[in-house]
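Working notes, beginning with the structure itself.
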Amino acid sequence: MNGDIYKPGEDNRRSGIYVEVGPRGGAVHDARSVRIDFGDRLPSTQETGHRWQYRGPLK
């Protein structure tokens, strides 16, 4: 698992599963999980300041 954290709206990140985290990578209540294909932009988060963390490849 990679601990890299990305801002909403970034694109050209590796394909995989991303989970919503707090500004410094901490867990958030009712965190969203999204599937991103190559070239897709990371969607907006539930709250300003939240980020996306890569969790693994697509299965």
Side-chain angles (χ1 to χ4, degrees):
M1 179 169 69
N2 188 338
D4 292 339
I5 298 173
Y6 303 104
K7 294 179 182 178
E10 288 189 39
D11 62 355
N12 293 323
R13 296 294 165 201
R14 72 176 119 174
S15 299
I17 305 298
Y18 289 79
V19 176
E20 185 174 0
V21 295
R24 295 184 299 181
V28 297
H29 181 67
D30 290 331
R32 289 174 45 203
S33 176
V34 296
R35 171 193 164 134
I36 300 295
D37 291 319
F38 181 76
D40 289 349
R41 289 186 181 273
L42 290 167
S44 57
T45 55
Q46 297 177 63
E47 291 185 26
T48 303
H50 285 186
R51 303 285 189 255
W52 293 104
Q53 185 174 41
Y54 179 77
R55 289 295 171 97
L58 298 174
K59 295 181 180 178

Checklist line | Thr45 backbone acceptor or donor facing Trp52 side chain under 3.5 Å | finding: no
Next item on the list: Give the minimum heavy-atom separation between Ala31 and Val19, together with the two atoms involved.
Entry: CB-CG1, 4.2 Å
Note to self: Nearest 0.5 Å, please: how far is CZ in Arg35 from OG in Ser33?
What the structure shows: 11.5 Å
Check: Does a side chain donor of either Arg55 or Gln53 reach within less than 3.5 Å of an acceptor in the other side chain?
Finding: yes
Next item on the list: State, yes or no, whether a side-chain contact exists between Arg51 and Tyr6 at a heavy-atom distance under 4.5 Å.
Entry: no
Checklist line | side-chain contact (heavy atoms from CB on, under 4.5 Å) between Arg13 and Tyr54, worked out | finding: CA-CA 9 Å; Arg13 296 294 165 201; Tyr54 179 77; over 6 Å; no
Next item on the list: Check whether any side-chain heavy atom of Leu58 sits under 4.5 Å from a side-chain heavy atom of Ile17, and report yes or no.
Entry: yes
Next item on the list: Would you check if Asn12 and Phe38 make a side-chain contact, meaning some heavy-atom pair closer than 4.5 Å?
Entry: yes
Check: Is a donor on one side and an acceptor on the other found under 3.5 Å between the side chain of Glu47 and the backbone of Val28?
Finding: no
Checklist line | Nearest non-hydrogen partners of Pro43 and Val34, listed with the distance | finding: CG-CG1, 4.0 Å
Note to self: Testing the basics here: between Arg41 and Ile36, what is the closest heavy-atom pair and its distance to 0.1 Å?
What the structure shows: O-CD1, 3.9 Å
